[in-house]
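Worksheet: one structure, shown below.
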Amino acid sequence: MPEGHTVHRLARDHRRDLRGRPLAASSPQGRFTEGATRIDGAVAERFEAWGKHEFAFLSTGEVLHVHLGLIGKWARHRSPAPAPVGEIRLRLEGGEHAWDLSGPAICALATPEEAQARVDRLGPDPLRRDADPDRFVTRVRRSAAPIGVLLLDQSVIAGVGNVYRAEVLWHLGLHPARAGRTIDAGTLQAMWDWLAHQLRLGVRRNRIVTVDRAELDKPFREIRRGEGVAVYHQERCRRCRGRFTTLEVAGRRIEACLTCQT
DNA sequence: CGATTATGATTAA
DNA sequence: TAATCCTAATCGC
């Protein structure tokens, strides 16, 4: 579910639904009861997304830190919220809406210093206005590691996941195993620009659609998971019509066109 | 109905 | 590289 665009979109939606009013917090599943008790009655003053991490700064001085991991989800309900379904780690109720969190890799209360320490370990996030692309370019240019590994390393660039990785490498004609230091700075800048643009579109649409509008046969809102992509879990290259090869890079599956990606 | 899979990441070996 | 964590949907038999 979550690459950076999802988390930034959630922060935006949480801001709209939950900011500036006392929260009712609970842990229906029971695995975050202590934390929920400390949140209950507090006001969330600020929501921030950094890469795939989300932080809610609370009036108590504590920070709620959430990372969805591979399978985490937030579900939105209109108030009054229905009885929780499934393993709901945390329910946050604002005025009009409630949000249910399930399956997070991280759901914890932290100090502002601990939250900042997390952020400090991340590379630049193309979805943040103050992000510095040169940090990304320099880091990749200094590395002998495959670009397919570097793109998933959150200390190199924050927010990119397995889908955007496959898509951007194909769009730029780069093989996933290509060593970072063999890619010229101009190409890396283009990679950053493409990712920044696509991640922004991802936030707006709340889904990953990298295929041009003209090539789609239906409106964005009807595009389902896996339908709007050119590469990820696809069979054939849209450029040369050849079959994609499935590789494993950084322990994750990735398709690549061995003709178009060198 | 058990096995597999998933847009993630850390820890152990 | 492998094992592990978290949860739910989908797949194969």
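Numbers restart at 1 for each chain; the letters A, B, ... are given by sequence-line order, proteins then strands.
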Identify, residue by residue, the members of residues 157-172 of chain A with a heavy atom below 4.0 Å from DNA chain B, and return them in order of residue number, or none. Gly161(A), Asn162(A), Val163(A)
Distance col, row Ser143(A):OG vs Leu150(A):CG, nearest 0.5 angstrom, shows 4.0 Å
Which protein N or O atoms sit under 3.5 Å from an N or O of nucleotides 2-5 of chain B?
none

Residue list, side-chain hydrogen bond (donor to acceptor under 3.5 Å, both in side chains) with Gln29(A), at least two apart or on another chain: Glu87(A), Arg89(A)
C1' gap between dT10(B) and dA8(C), integer Å: 22 Å
Residues passing the side-chain hydrogen bond (donor to acceptor under 3.5 Å, both in side chains) test with Arg139(A), sequence neighbours excluded, are Ser155(A)
Please check: side-chain N/O of Arg200(A) versus main-chain N/O of Pro126(A), any donor-acceptor pairing under 3.5 Å? yes
Full working for side chain to side chain donor-acceptor pair (under 3.5 Å) between Asp184(A) and Thr187(A): CA-CA 5 Å; Asp184(A) 65 78; Thr187(A) 301; 3.0 Å; yes
Under the side chain to side chain contact (heavy atoms under 4.5 Å, CB included) test, residues paired with Ala105(A) that sit two or more places apart: His67(A)
Ser27(A): partners by side-chain hydrogen bond (donor to acceptor under 3.5 Å, both in side chains), with sequence neighbours left out: none
Enter the distance from Ile157(A):CD1 to Phe136(A):CZ here, rounded to the nearest 0.5 Å. 4.5 Å
By nearest atom, which of the nucleotides dT10(B), dG8(B), dA6(B) is closest to the Pro2(A) side chain? dG8(B)
Would the distance check show the side chain of Gln198(A) and the main-chain N or O of Trp194(A) forming a donor-acceptor pair, the cut-off being under 3.5 Å? no
In short, ring-ring contact (aromatic ring centres under 6.0 Å, His included) pairs touching residues 74-130 of chain A with sequence neighbours left out are His14(A)-Trp74(A), His14(A)-Trp99(A)
If you look at every strand shown and take non-hydrogen atoms under 4.0 Å, does Lys73(A) touch a base, only sugar-phosphate, or nothing? nothing
What integer distance in Å separates His53(A):NE2 from dT10(B):C1'? 11 Å
Contact class for Glu87(A) vs. all strands (heavy atom < 4.0 Å): base, sugar-phosphate, or nothing? sugar-phosphate
Does anyone know the first and last nucleotide of DNA chain C in reach of chain A, 5' to 3', at under 4.0 angstrom to a heavy atom? dC6(C) to dA8(C)
With P as the reference atom in both, quote the distance from dC5(C) to dC1(B) in angstrom, rounded to an integer. 25 Å
Is the ring pair Phe55(A)/His53(A) parallel, tilted or perpendicular, if the boundaries are 30 and 60 degrees? parallel
Is Gln154(A) close enough to dG8(B) that one of its side-chain N or O atoms is under 4.0 Å from OP1 or OP2 there? no
State, with a plain yes or no, whether a side-chain heavy atom of Val209(A) is found less than 4.5 Å away from one of Leu201(A). no
Under 3.5 Å, sequence neighbours excluded: what are the donor-acceptor pairs made by side chains of residues 240-254 of chain A?
{"from": "Arg243(A)", "atom 1": "NH2", "to": "Glu235(A)", "atom 2": "OE1", "distance (Å)": "3.0"}
{"from": "Arg253(A)", "atom 1": "NE", "to": "Glu255(A)", "atom 2": "OE2", "distance (Å)": "2.7"}
{"from": "Arg253(A)", "atom 1": "NH2", "to": "Glu255(A)", "atom 2": "OE2", "distance (Å)": "3.1"}

Do Leu68(A) and Leu10(A) have side-chain heavy atoms sitting under 4.5 Å apart? yes
Enumerate, in order of first residue number, the stems that involve DNA chain B, defined as 3 or more consecutive Watson-Crick or G-U wobble pairs with both distances under 3.5 Å. B:1-6 with C:7-12, B:8-12 with C:1-5
Expressed as a whole number of angstroms, how long is the span from Lys52(A):NZ to dG8(B):C1'? 6 Å
Does dA9(B) have OP1 or OP2 sitting under 4.0 Å from an N or O in the side chain of His67(A)? yes
List for me each residue that meets side-chain hydrogen bond (donor to acceptor under 3.5 Å, both in side chains) alongside Arg15(A), sequence neighbours excluded, and say none if there are none. none
Please classify the nucleic acid contact of Gly86(A) as base, sugar-phosphate, or nothing, using heavy-atom distances under 4.0 Å. sugar-phosphate
Taking the P atom in each of dT5(B) and dC13(C), what is the distance between them to the nearest angstrom? 12 Å
Using the 3.5 Å cut-off, write out each protein N or O paired with an N or O of nucleotides 11-13 of chain B and the distance between them.
none

Answer yes or no: is there an ion pair linking Asp13(A) with Arg76(A), defined by an N-O contact shorter than 4.0 Å? no
